[in-house]
Amino acid sequence: MINKYRAVSEEIFNIVSSEEIDHIKLKERLKERQFIINSLKVDEVDKFGQAYKDSGLYKLDGDIKVKLKERIVEVKKELQAYKANKMVNTAYTNMNRNTLNIFYKKV
């Protein structure tokens, strides 16, 4: 079980580390990894936990968590930039639509 968990975790890390994330594959692998954990019997949980610690998989899971957080921060920045750009474009369009006359008085 621990080897299967490791393989799926490594796939998840590779997906998250790639330039373009395949969200469908990532979702499938996360579900598969959760299924592995959920399918453990009560007496297997302690053995799995010990093997998890001994093999250092917690480091791999930590790396996955860090990569996901980095991606979330990148996406948030992109959304903020998009929102600001949209506001500026809307303001510019509204300004042109009203044909704003800067020179109120005749010179």
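Numbers for residues simply follow the sequence, beginning at 1.
Nearest heavy atoms, Phe13 versus Asp63: CE1-CB, 3.6 Å. The shortest non-hydrogen separation linking Lys67 to Ser17 is CE-OG, 3.8 Å.
No hydrogens or angles considered: a donor-acceptor pair under 3.5 Å links the side chains of Gln50 and Asp54.
Note: the hydrophobic cluster containing Tyr58 also contains Met1 (ILVMFWY, side chain heavy atoms under 4.5 Å, direct or indirect links). Residues Val16 and Val66 are members of separate hydrophobic clusters, defined by side-chain heavy-atom contacts under 4.5 angstrom among Ile, Leu, Val, Met, Phe, Trp and Tyr.
Taken from NZ in Lys86 to NZ in Lys83, the straight-line distance is 10.0 Å, to the nearest 0.5 Å. Taking NZ of Lys77 as the start and CD1 of Ile72 as the end, the distance is 13.5 Å to the nearest 0.5 Å.
Residues that satisfy the side chain to side chain contact (heavy atoms under 4.5 Å, CB included) test with Lys25, not counting sequence neighbours, are Ile15, Asp22. When the ring pair (Phe, Tyr, Trp, His ring centres under 6.0 Å) test is applied to Phe48, the partners found at least two apart in sequence or on another chain are Tyr5.
Leu57 is listed as a side-chain neighbour of Leu60, based on a closest heavy-atom distance under 4.5 Å.
At distances below 3.5 Å, not a single donor-acceptor pair connects side-chain atoms of Asn85 with backbone N or O atoms of Ala81.
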Show me the side-chain donor-acceptor pairs of residues 26-41 shorter than 3.5 Å, one per line, residues at least two apart or across chains.
unit_1, atom_1, unit_2, atom_2, d
Arg29, NE, Glu11, OE1, 2.5
Arg33, NH1, Ser9, OG, 3.2
Arg33, NH1, Asp61, OD1, 2.8
Gln34, NE2, Asn38, OD1, 3.1
Asn38, ND2, Gln34, O, 3.4
Ser39, OG, Phe35, O, 3.2
Ser39, OG, Ile36, O, 2.9

